[in-house]
*Asks:* 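First the structure, then my questions, so here it is.
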Amino acid sequence: MPESPITPRSQDFAAWYQDVVLQGDMAEPAEVVKGCMVIKANGYAIWELIQRQLDDRFKATGHQNVYFPLLIPQSFLHKEAEHVEGFSPELAVVTIAGGKELEEPYVIRPTSETIIGHFFSKWIQSYRDLPVLLNQWANIIRWELRTRLFLRTTEFLWQEGHTAHSTHEEAMAEVLRMLDVYAQVAEDEMAMPVIKGAKTQSEKFAGAVRTYAIEAMMQNGLALQSGTSHDLGQNFGRAFDVKFQSKEGQLEYVWQTSWGVSTRLIGGLIMSHSDDKGLVLPPRLAPVKSVLVPIYRKDDEKARVLEAAERIARDIGAKVDDREGQSPGAKFFHWERRGVPIVLELGPRDLASNNVVLKRRDTGVKETVPQADLAARIPDTLDRMQKDLYNAAKQRLKDNTVLANSIGEVEAILRDVTAEKGGGKFVMAHMKDDPACDARIKEFKATVRCIPLVDEFDGAGKCILTGEPVDRRVVIAKAY
RNA sequence: CGGGGCGUAGCGCAGCCUGGUAGCGCACCUGCCUUGGGCGCAGGGGGUCGUGUGUUCGAAUCACACCGCCCCGACCA
């Protein structure tokens, strides 16, 4: 793959993002399939690490993995009024199969609440069958008008958790537990600070009673909804007749939840940490943590350097870049734009002094380290990088969060913000959860991102639009 | 779907206005040389010029139609 320059963030953030993805060889547009992408080995390896972190936590909280069909009878979508209304515009529908027009078309799943609802109604009879705690790793299709690699594509990979409970209280605990799991993975593994909150009624998932989300801030100040957890109430229970007999002998509808994160997280990861030289990965999600570049001139030198390189790399689990015909400089650039946290240089000088040159991807700082110390220094450095990246992102979130006390202020702050130019802020303002208020915010292309679960500001106040009392500030921002 | 732009080698482009049988940079292959931040030199391979129809002795170039893609707006994890 040809390696071209990367557009600086300050010039055009959106172009920068695209360059980082392409030059990091993580994904490319599918080209022959509108709106879809090919996730390449470097991108998929990151997804596998994220999957592992999530899946371990799902298992630890009692969930089991399952798999439901890609195709869903069209009529299922119609059983929940809000659900069909929300998803209709983005459905792909199969009408012909086996050379014949189907009696009833199938939709390609945009999400699986409906088909899972159907099976829940078969499987659940008694309170003894509850809770049901399931998860599936799957691909889904939502016909999108405007796509961006990882952030929004027509087909994407995700996981969707689906659970059924005997009480609303228990379902709510599940909703918040999984929101916490998402926040943990985002912060501890991705080094991406997030705000946990509730979506407004007009922003919630089609068919949910209430949607909760984690929102992250990208380097251009735009918000990225990075995970959602829904309280479905009894909406799908009613739509699919999922009833159970309680201890008291009553027939009741189950209380359901669903929650998901997608390959969009990779986009969030990229836009949280990367720089004008390319991808920067937090060590915990770096498929390759260190690479050793050997440097030599003559053949005898080459033999000695490569031998030492192999020995050192074996001790510390590094990859040796021994490709022929590439200069060391070319190799440094190559790994730099792939986000490898640590690049080591080993040449004749180091051989003579028993040192190695160690370079950190995030700071760009090089230091000379005795070979004997490497085994300890590398995990140490990786740990420090992980923390530094989180702290830098946290600081940026803090620096770009501002208070506003009138709709005019909100608009002034966000007026000129775009994905390309950046300058985005999280604007904290008192606002009522009312579709009419959301609509006013949307007039200048921003949205209410969430109503934070934890109020870190000044508590109650008056809605900047209606003047009615509300108990805390909401997050308003432009978003992906 | 509305507005704008673009289809010429794997990628990025020039050539088109003024018709004469296709070129540049990167990448790729071979050899030599180099190697502490994108080495250099020499040689080489690769194109139904998006598709179709028309005009013409002759079309990448002119005309018409179609197809596709990208950007900007209205929907969205």
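Remember, it's a predicted structure, so these values are computed and weren't measured experimentally. Protein chains get the first letters and strands the later ones, always in sequence-line order, with residue 1 at the start of each. Atom set for the values below is all heavy atoms of this structure, side chains included, hydrogens, waters and symmetry mates excluded.
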*Asks:* May I have the distance from A:Ile39 (atom CD1) to B:A77 (atom P), rounded to whole angstrom?
*Replies:* 18 Å
*Asks:* When the C1' atoms of B:U18 and B:G44 are considered, how many whole Å apart are they?
*Replies:* 36 Å
*Asks:* Name all residues meeting the side chain to side chain donor-acceptor pair (under 3.5 Å) criterion together with A:Tyr182; count only those two or more places apart in sequence or in a different chain, and write none if there are none.
*Replies:* A:Gln159
*Asks:* Which residues pass the ring pair (Phe, Tyr, Trp, His ring centres under 6.0 Å) test with A:Phe120, not counting sequence neighbours?
*Replies:* none
*Asks:* What side-chain donor-acceptor pairs closer than 3.5 Å can you find for residues 340-350 of chain A, not counting sequence neighbours?
*Replies:*
from	atom 1	to	atom 2	distance (Å)
A:Glu345	OE2	A:Lys366	NZ	3.0
A:Asp350	OD2	A:Gly347	N	2.8

*Asks:* Taking ring pair (Phe, Tyr, Trp, His ring centres under 6.0 Å) as the test, write out the residues that go with A:Trp259, two or more places apart.
*Replies:* A:Phe58, A:His63
*Asks:* May I ask you to decide if A:Val293's main-chain N or O and A:Lys331's side chain share a donor-acceptor pair within less than 3.5 Å?
*Replies:* no
*Asks:* Please identify each residue that fulfils ring pair (Phe, Tyr, Trp, His ring centres under 6.0 Å) with A:Phe150, with sequence neighbours left out.
*Replies:* none
*Asks:* Rounded to the nearest Å, what distance is computed from the CD atom of residue A:Glu443 to the P atom of nucleotide B:A74?
*Replies:* 12 Å
*Asks:* Taking atom CD of A:Glu310 and atom CG of A:Leu292, what is their separation to the nearest 0.5 Å?
*Replies:* 9.0 Å
*Asks:* I'd like the P distance from B:G43 over to B:G25, given in whole Å.
*Replies:* 12 Å
*Asks:* By a 5.5 angstrom centroid cut-off and a 30 degree plane limit, is there stacking between A:Trp158 and B:A77?
*Replies:* no
*Asks:* Return the residues of residues 274-291 of chain A meeting this criterion: a heavy atom under 4.0 Å from some atom of RNA chain B. Order them by number, or give none.
*Replies:* none
*Asks:* Can you tell me if A:His162 and A:Ser258 form a side-chain donor-acceptor pair at under 3.5 Å?
*Replies:* no
*Asks:* In whole angstrom, give the distance that lies between atom CZ of A:Arg148 and atom P of B:A77.
*Replies:* 15 Å
*Asks:* Going by side chain to side chain donor-acceptor pair (under 3.5 Å), name the residues that satisfy it together with A:Arg57, two or more places apart in sequence or in a different chain.
*Replies:* A:Gln53, A:Gln184, A:Glu189
*Asks:* Could you check A:Ser262 against A:Pro29 and say which one's nearest nucleotide on RNA chain B is further toward the 5' end?
*Replies:* A:Pro29
*Asks:* Please list, chain by chain and in numerical order, all residues satisfying ring pair (Phe, Tyr, Trp, His ring centres under 6.0 Å) with A:His273, sequence neighbours excluded.
*Replies:* none
*Asks:* Looking at residues 181-220 of chain A, who's got a heavy atom less than 4.0 Å off RNA chain B?
*Replies:* none
*Asks:* Between B:C33 and B:U21, how far apart are the two P atoms, rounded to whole Å?
*Replies:* 42 Å
*Asks:* Sticking with atom P, work out how far B:G50 lies from B:U8, rounded to a whole angstrom.
*Replies:* 6 Å
*Asks:* In this structure, how many angstroms lie between the P atom of B:G36 and the CD atom of A:Glu301, rounded?
*Replies:* 11 Å
*Asks:* Sticking with atom P, work out how far B:G46 lies from B:G54, rounded to a whole angstrom.
*Replies:* 32 Å
*Asks:* B:A9 and B:U48: how far apart are their C1' atoms, nearest whole angstrom?
*Replies:* 13 Å
*Asks:* Just the atom pairs and distances: protein N or O near nucleotides 31-35 of chain B's N or O, under 3.5 Å.
*Replies:*
from	atom 1	to	atom 2	distance (Å)
B:U35	O2'	A:Tyr296	O	3.3
B:U35	N1	A:Tyr296	O	3.4
B:U35	O4	A:Arg297	O	3.3

*Asks:* So what's B:C64 paired with, Watson-Crick or G-U wobble, going by both distances under 3.5 Å?
*Replies:* B:G52
*Asks:* If the condition is side chain to side chain donor-acceptor pair (under 3.5 Å), which residues does A:Thr368 pass it with, not counting sequence neighbours?
*Replies:* none
*Asks:* Rounded to whole angstrom, note down the C1' distance from B:C17 over to B:G2.
*Replies:* 30 Å
*Asks:* What is the distance, rounded to the nearest whole Å, between atom CZ of A:Arg349 and atom P of B:G36?
*Replies:* 10 Å
*Asks:* Grab the CD1-C1' distance between A:Ile6 and B:G38 for me, whole Å please.
*Replies:* 12 Å
*Asks:* Separation of A:Glu90 atom CD from B:C75 atom C1', in whole Å?
*Replies:* 7 Å
*Asks:* Only counting residues at least two apart or in another chain, list the ones meeting side chain to side chain donor-acceptor pair (under 3.5 Å) with A:Arg440.
*Replies:* none
*Asks:* Which value, in whole Å, describes the distance between the C1' atoms of nucleotides B:A22 and B:A14?
*Replies:* 11 Å
*Asks:* RNA chain B: A:Gln18 or A:Phe150, which has the more 5' nearest nucleotide?
*Replies:* A:Gln18
